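Note that the coordinates shown come from a computational prediction; the quantities given were computed from them, not determined experimentally.
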Amino acid sequence: MPEPNQPEDYLQRLRHSTAHIMAYAVQQLFPDGERTVKLAIGPPIENEFYYDMEVPRPITPEDFPEIEKHMKAMIRSNAPFEQETWAYDDARQWFGERDQKFKLELIDGISDREVSATDEGVDEEGVSIYHNGDFTDLCKGPHVEKTSECRYFKLLRVSGAYWRGDSNREQLQRIYGTAWETKADLQAYLTQREEAAKRDHRKLGRELELFQMHPESPGSAFWLPKGALIYNILSEKVRKLYLTEGYQEVRTPLIYDSSLWETSGHWEHFKDDMFLVENEEGEATSALKPMNCPAHMLIYKSVRHSYRDLPYRIYDQGVLHRNEATGTLTGLSRVRQLCQDDGHIFVEEKDIANEYERILGLFQRIYGTFDLPFRCDFSTRNPEKFMGDIEVWNRAETLLEDVLKNNQIEYSLDPGEAAFYGPKLDFQVRDSLNRDVQCATVQLDFQLPERFDLTYVASDGSEKRPVVIHRAICGSFERFIAMLIEHYAGAFPTWLSPVQCVVMTISQRFVDYGTEVEQLLAQKGCRVVLDNSDGKIGAKIRQARLQRVPYMLIIGGREQESRTVSVRSREEGNIGAMALDTFVDKMVQEADLDF
RNA sequence: GCUGACGUGGCUCAAUGGUAGAGCAAGUGAUUUGUAAUCACUAGGUUGGAGGUUCGAUUCCUCUCGUCAGCUCCA
């Protein structure tokens, strides 16, 4: 996201100004609103804006027309946005008289020079104040000149948000809206949101019969036959790739004694988020695994390793359970039961760069196949909170950065965001609603080798500690498939389509030939369905199109006589008749894909 | 977990305190069809669950489960 306060970014200013107008309008909803609506912050964000506030009663979307009415009045008045600087005490008094506790807190923060991350007013001598009409707000700006510039806006949704993002503090109401320079831009944005909603994986998952959810197991997918096909194809292709790239597959238990989680550190940090298993006495002495790494540590440790064995790469498609908070569950993107393409590499420090190079190669092969646009975040050491040798960290971070550069991967640096046990790379893709979804993650770990006392024998006979690389390239298959559903809007490429071809007969007279075509395709491994119902051909086509089937074969008298098929493709429509054998070859070829 | 909204046949949605409806899907029958919906009939709901208010609750209230939008979290 661009810096919100760049004066050259007109849209940012426009949205920020619209947020002020909205805050004013919400105040008009309540008697003595200037005092009873306690404003927090109201910044522009990508495409939208919001304002956080404490209100006498919850705002609901039903309030939007009324709020918008007041906004329009303010906009029509064409009041200028005017800035002033107030001395701290003046500002404290003014906002104090109006019980604006959040603004007072911000003013204190500004005078203590603590505030930097907010967009509220900062100045040497005092605080920056903006007026528009009867509305006055603590704000650094910048704003547009006149309220009339904010004509093209719409309020979108309302939600809760904690003051200063702290779940121990007050929960405020956040109202989101969007604002644009022209009516056409606004309309285009609203249309884009509607289009995006149509490819929501939860909607398509139901319509295409891919998966379902049930209250009996919240946050865990039931994969229906078509979805299970996609799931299995994907995991098979990924597995095949890794096996040819130096990984060995393992399978490990679901349930482990708590001692393992104590060793790994999970018991301390994540016990509340794990599904616990009780013993006969009712004590929680073991737990379902939330990740595979501790199991892999045990495997590594079970034999003595030589430097000649390294890098030692193991891969696991084990089922994981995480007891995610109820409010966070969302479709397939945030689930309680998941399975990752999870691998761990035990490596000498000198080989870290080389391993990263290989992992990025895998990443590019998989993401390249799907043509998925991604973003990479590189999280580096938090100087306050890290374990291990600072020299090792520095070397590792330099190495990772070099690898990113050498592979021409664009990344953004997140200084201080790494976990305490090692730097990490996160790859994010955008979902259909423009939200970032984390998929691939590659993480260096100096901690687990320590906790599990892992060693290898170096060439000079000394015992050394390996480094562990955690890597998941698809991430969880659940989330990855959710993203693929949205990326393709359900129209999967042929090799991944649960049904690749529907053979449809013009009438019952051609069922024999239709059946022959179906069976031939099936014999060649094509996922084919015969539609010999007695509906019209138009209806059959409509059915298949709604299911996003890549190929439709129309079988009638002409085709039967010449032993051809009339082919209709999902993308190109009717592409005419083709010899049966030619089509079979085409299907076999299209269905064949390796990463 | 927090704030708010929502929950009506498989799906999409009506019904605002007075006998729960429609379209699609399903079943049956008719039709035998040439590139996005053939026609008719039939069946399907104790309105997520529990409690309460009321002569009467899909509708109002409480609790609970789930879903959604965000927030916090995401090993």
Side-chain angles (χ1 to χ4, degrees), chain A residues 50 52 54-55 57-63 156-176 197 200 202-203 206-207 209 212-219 261 264-274 289-294 320 322-331 333-336 338 419-421 424 426 433 435 438 441 443 445 447-448 470 475-476 479 504-511 532-547 552-559 566-570 573-577:
Chain A
Y50 65 80
D52 284 351
E54 197 176 79
V55 277
R57 60 154 177 92
I59 301 286
T60 77
E62 284 163 29
D63 295 314
L156 297 174
R157 58 189 178 276
V158 59
S159 74
Y162 296 108
W163 169 231
R164 301 211 147 157
D166 181 346
S167 57
N168 296 313
R169 305 269 331 240
E170 294 92 329
Q171 180 139 33
L172 311 172
Q173 291 274 298
R174 174 174 295 180
I175 306 175
Y176 286 91
D200 188 312
R202 291 164 297 193
K203 180 175 150 70
R206 188 171 51 238
E207 289 172 0
E209 298 168 13
Q212 50 190 215
M213 296 290 193
H214 291 281
E216 287 81 355
S217 185
W261 307 115
S264 71
H266 288 97
W267 207 247
E268 191 187 338
H269 293 291
F270 295 107
K271 188 178 176 189
D272 289 347
D273 303 317
M274 289 164 69
K289 65 176 166 186
M291 50 195 333
N292 293 307
C293 28
L320 309 178
R322 300 176 178 188
N323 196 2
E324 303 285 2
T326 51
T328 63
L329 302 175
T330 332
S333 324
R334 187 75 183 265
V335 287
R336 288 204 172 128
L338 60 134
F420 62 94
Y421 49 82
K424 65 174 175 177
D426 286 322
L433 295 172
R435 295 178 290 206
Q438 192 197 307
T441 170
Q443 186 140 10
D445 188 346
Q447 183 210 24
L448 279 183
H470 305 252
S476 92
R479 184 182 289 181
M504 37 188 81
T505 50
I506 292 283
S507 83
Q508 298 293 348
R509 288 189 292 141
F510 311 112
V511 168
N532 62 0
S533 61
D534 54 4
K536 287 187 169 179
I537 199 70
K540 297 186 185 185
I541 288 168
R542 178 179 149 81
Q543 257 339 95
R545 287 197 57 88
L546 288 175
Q547 288 293 309
M552 287 150 271
L553 301 184
I554 284 104
I555 303 293
R558 297 201 289 271
E559 290 77 15
S566 281
V567 183
R568 184 183 176 99
S569 100
R570 182 178 61 194
N574 186 355
I575 54 179

Taking atom [atom2] of [N] as reference, at what distance in whole Å does atom [atom1] of [X] sit?
{"X": "K540(A)", "N": "A37(B)", "atom1": "NZ", "atom2": "P", "value": "14 Å"}
{"X": "W163(A)", "N": "U72(B)", "atom1": "CH2", "atom2": "C1'", "value": "16 Å"}
{"X": "D272(A)", "N": "C73(B)", "atom1": "CG", "atom2": "C1'", "value": "12 Å"}
{"X": "Y50(A)", "N": "C71(B)", "atom1": "OH", "atom2": "P", "value": "8 Å"}

Using a 4.0 Å heavy-atom cut-off across all strands, classify [X] as base, sugar-phosphate, or nothing.
{"X": "G165(A)", "answer": "sugar-phosphate"}
{"X": "Q173(A)", "answer": "sugar-phosphate"}
{"X": "G557(A)", "answer": "base"}
{"X": "A325(A)", "answer": "base"}
{"X": "S566(A)", "answer": "base"}

With respect to the phosphate group of [N], does any side-chain polar atom (N or O) of [X] fall under 4.0 Å of OP1 or OP2?
{"X": "R164(A)", "N": "U72(B)", "result": "no"}
{"X": "R202(A)", "N": "C68(B)", "result": "yes"}
{"X": "R568(A)", "N": "A36(B)", "result": "yes"}

Quiz item: So which nucleotide does C24(B) pair with, by the Watson-Crick or G-U wobble rule with both distances under 3.5 Å?
Solution: G10(B)
Quiz item: H470(A) pairs by side chain to side chain donor-acceptor pair (under 3.5 Å) with which of T441(A), N292(A), D445(A)?
Solution: D445(A)
Base of [N] paired with side chain of [X] (donor-acceptor, under 3.5 Å):
{"X": "Y162(A)", "N": "G70(B)", "answer": "no"}
{"X": "Q212(A)", "N": "G10(B)", "answer": "no"}
{"X": "R334(A)", "N": "C74(B)", "answer": "yes"}
{"X": "R157(A)", "N": "A69(B)", "answer": "no"}

Self-check item: Integer angstrom distance from the C1' of U32(B) to that of U42(B)
Solution: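 Their C1' atoms lie roughly 23 Å apart.
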